[in-house]
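Working notes, structure below.
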Amino acid sequence: MPELPEVEVVRRGLDRWVTGRTVGEVEVLHPRAVRRHLAGSTDFVARLSGSRFGTAMRRGKYLWVPLDDDASSLLGHLGMSGQLLVQPQDTPDEKHLRIRIRFDDALGTELRFVDQRTFGGLSVHENTLDGLPDTIAHIARDPLDPAFDDAAFHSALRLRRTTVKRALLDQSLISGVGNIYADEALWRTRLHYDRPTATLTRPKSAELLGHVRDVMNAALAQGGTSFDSLYVNVNGESGYFDRSLDAYGREDEPCHRCGTAMRRRPWMNRSSYYCPSCQRPPRTNTPRA
DNA sequence: CGGCGATCCTGAGCGC
DNA sequence: TGCGCTCAGGATCGCC
């Protein structure tokens with residue numbers, strides 16, 4: 001599933017293959033894929049048609065392409081199964097093709113939004129003065145953004161009355177971290193997911209942030225190699241799953257640091273993977289976690 | 001209003 | 001073999 005590094009690879013692909021092109025015919029094949037465009041699919045198509053794509057941008061897992069004079073943008077989120085593909089027009093439709101965007105040129109390729117589970121989608125929004133689509137104004141900068149404020153992040157953690165993994169997944173604090181990267185960064189920092197953020201020292205939160213950046217950069221280095229290949233294909237698939245993960249998905253397997261069997265615990269309708277030896281549960285909290 | 005649980009969706013995988 | 005259950009998960013909404 002696409003997380004920040006995969007989305008960045010898609011952004012680069014978009015920049016290479018669709019920036020500067022003018023939109024022609026647009027087809028919405030599944031209404032759920034444009035549900036965030038509140039004015040509906042007819043309006044979505046109208047807003048997009050005839051627009052010229054600017055430089056592709058990203059914040060966290062959100063992607064957007066400014067339209068024409070930068071007053072509005074085409075915003076995209078891949079959800080958990082979304083893909084943006086640049087395909088030759090005569091390529092057969094993918095089974096889960098949701099949106100087709102053709103261009104008013106002779107290049108012969110089109111942009112396709114393909115999404116099995118339809119958690120993702122595309123929409124058109126006005127931009128704020130910062131050039132950000134207005135609906136994502138509340139999304140914090142991501143840790144790979146040079147303007148990310150480490151000190152402010154630490155202060156926010158201290159003020160929150162929540163646990164560290166929840167905080168990592170909180171878009172208003174830090175964006176782009178998903179379940180996999182959260183578990184990996186917590187393992188590297190030897191932090192239990194239920195640790196209250198208010199107990200984190202400044203060095204510990206700095207270490208955590210460093211590990212978040214490390215796992216993302218490692219994944220980016222992997223995924224960044226594939227988009228440039230011979231096929232005209234902007235694809236969010238990551239090489240990251242070929243890498244050995246240290247925490248995610250490793251239930252009952254030995255910890256790469258100490259050999260203790262890794263554990264999986266239900267967490268927020270999903271799972272948390274951790275080493276019970278390296279990542280001790282907080283004493284004040286759920287003792288059997 | 002901050003925190004948190006429920007919810008959306010579909011296919012893979014697994015147990016019986 | 002095939003049915004039905006569980007799981008995967010980001011972001012949003014509504015409730016306390």
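Atoms considered below: every heavy atom in the structure, side chains included; atoms not considered: hydrogens, waters and symmetry mates. Letters A, B, ... mirror the listed sequences (proteins, then strands); counts begin at 1.
At the heavy-atom level, A:Arg264 lies under 4.0 Å from the strands shown only through sugar-phosphate atoms. Counting any heavy atom pair closer than 4.0 Å across all strands shown, A:Gly120 reaches no nucleic acid atom.
Between the side chain of A:Arg213 and the backbone N or O of A:Pro143 there is at least one donor-acceptor pair closer than 3.5 Å.
In this structure, CH2 in A:Trp187 is found 11.0 Å from CG in A:Leu245, a value given to the nearest 0.5 Å. Summarising the geometry, atom CZ belonging to A:Arg158 is positioned 8.0 Å from atom OG1 belonging to A:Thr201; distances are rounded to the nearest 0.5 Å.
Between the C1' atom of B:dG5 and the CG atom of A:Leu169 lies a distance of 15 Å, rounded to the nearest Å. At whole-Å resolution of the value, CZ in A:Arg35 and P in B:dC9 are 9 Å apart. Atom-to-atom, CD of A:Glu251 to C1' of C:dA8 comes out at 14 Å; the value is rounded to the nearest Å.
For B:dG3, the OP1/OP2 oxygens have no side-chain nitrogen or oxygen of A:Arg166 closer than 4.0 Å. Under 4.0 angstrom from either OP1 or OP2 of B:dC4 there lies at least one side-chain N or O belonging to A:Thr162. Between B:dG11 and A:Ser81, no contact under 4.0 Å exists linking OP1 or OP2 to a side-chain N or O. Between A:His77 and C:dG10 there is no side-chain polar atom (N or O) within less than 4.0 angstrom of OP1 or OP2. Under 4.0 angstrom from either OP1 or OP2 of C:dA11 there lies at least one side-chain N or O belonging to A:Gln171. Considering only side-chain N and O atoms, A:Arg270 lies nowhere under 4.0 angstrom from the phosphate OP1 or OP2 of C:dA11. For the pair A:His138 and C:dA11, the criterion of a side-chain N or O lying under 4.0 Å from OP1 or OP2 is not met.
Using cut-offs of 30° and 60° for the angle between ring planes, the A:Tyr193 and A:Trp267 rings count as perpendicular.
Exactly one residue among A:Glu184, A:Lys165, A:Glu3 makes a side chain to side chain donor-acceptor pair (under 3.5 Å) with A:Asn179. That residue is A:Lys165.
Minimum atom distance to the side chain of A:Tyr62 is reached by C:dT12, of the listed C:dT12, B:dC9, B:dA6. Of the listed nucleotides (B:dC9, C:dA11, B:dG5), B:dG5 has the atom at the smallest distance from the side chain of A:Met268. Among B:dG3, B:dT10, C:dT12, the nucleotide with an atom closest to any side-chain atom of A:Arg160 is B:dG3.
Annotation: of the two residues near DNA chain B, A:Lys95 and A:Arg161, the 5′-most nearest-nucleotide partner is A:Arg161.
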